[in-house]
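The next block holds one structure in the form of structure tokens; read it before the comments.
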Amino acid sequence: MKKIAVLTSGGDSPGMNAAVRAVMRSCKHFGYQAVGVRFGYRGLIEGDFIDFRDTDASGIIQRGGTILKSARSEEFRTEEGRKKAADQLRAKGIDALVTIGGDGTFRGATILGQEHGVNVIGVPGTIDNDLIGSDETIGYDTALNTAMEAIDKIRDTADAHERLFLVEVMGRDAGFIALETGIGSGAELIILPEKRTDLDEIRESLKEILKVQRRSTLVIIAEGDESGGALKISEKLEPDFKDYEMRVCILGHIQRGGNPTAHDRVLASRLGYEAVKAIHNGLNEVMVGVINNKVQITPLHETFGVKKEINYDLIELYKVLR
Ligand code: F6P
């Protein structure tokens, strides 16, 4: 019986479990045996495999985190590390590997495939949403909602004290979370890595905003902004806003946890199934994604190295509505 291994790698994202479940159930559907790899590429190098039983897929669709655990492996970046991983796959009799993760995960999978002829399929799972080949990545929608709910709470206390809050959200070097949570929470300013940050312009905009309203002001900042994140920006702005109480809040890893939204569960279920179907159809070195609600197959090597564009119309939108 063909054996298909599945692993989760890099930063975990809500919905990874739903994707693992879909891989397990789809393997059963196509008559394959599903094998789990714990701790991503680190576990692959160590041969940390789990022979899944049918019951392992039960009761996990709603759970955040990843039952397979995750890791960022330095050793897998080396030729030697990847050789060990390929040897483990061979020893275990694995025919194909499904990797659930982001651009670093896919870069690793691509090289593993090229060097050792491993059949690799990628499933996009990252809260950052920074992968081309899928309109959304697994976990992005949940992270958006988690961040937005947290920002709503910050708005309450900001209103109560009429304060100016700088809120930093995740996204490594991408502004998807910042832009959409900013719109969803009615932020007055949004600072993104995709747009050069001009602090003078920000100072002027803030002054204009504060002139007409002193209720509360929220500035959403993507952690990867070139100006250095919320703490650095607050240091630079503070001298000019002494009349206002300024506070910084960094949302951090709260954005990676929690039960996946319905949207993420459905996306993860679709993509887990499509990954196994891709193997069944003889595909190799591709990522399965969803674009305009249709399944999209993209060569894996095209999914990293190229920056996915944010929707610039949304920047215009938030400026009109703030
Ligand atoms: O890629 C997901 C992500 O949460 C990024 O938004 C963030 O920059 C990074 O991972 C944090 O990684 P770690 O949890 O390893 O510090």
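If you're wondering where the values come from, they're calculated on a predicted model, not measured in any experiment. Just the heavy atoms: all of them, side chains too, but no hydrogens, waters or symmetry mates, feed the values below. Ligands are counted one by one from 1 in listed order, and the atoms in each one are counted from 1 as well.
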| field | Cluster link Val266 to Val290, ILVMFWY, side chain under 4.5 Å | value | no
| query | Apart from Leu131 itself, which Ile, Leu, Val, Met, Phe, Trp or Tyr residues share its cluster (side-chain heavy atoms under 4.5 Å, direct or through members)? | reply | Leu7, Val35, Val37, Tyr41, Leu44, Ile45, Phe49, Phe76, Leu89, Ile94, Leu97, Phe106, Leu112, Val118, Val120, Met287, Leu300, Phe304
| Is there any salt bridge (charged side-chain N to carboxylate O under 4.0 Å, His left out) pair reaching into residues 123-137, and which pairs are they, with sequence neighbours excluded? | none
| query | Looking at CE of Met246 and CG of Asp240, how far apart are the two atoms once the value is rounded to the nearest 0.5 Å? | reply | 8.5 Å
Let me check something: any side-chain donor-acceptor pairs from residues 315-322 under 3.5 Å, sequence neighbours excluded? List them with distances.
from: Tyr318; atom 1: OH; to: Ile190; atom 2: N; distance (Å): 3.1
from: Arg322; atom 1: NH1; to: Glu188; atom 2: O; distance (Å): 3.2

| task | Could you name the protein residues that come within less than 4.0 Å of ligand 1, counting only heavy atoms, and order them by chain and residue number? | result | Arg72, Thr126, Ile127, Asp128, Met170, Gly171, Arg172, Glu223, His253, Arg256
| request: Please check if any side-chain donor atom of Thr142 sits under 3.5 Å from a side-chain acceptor atom of Asp264, or the reverse. | output: yes
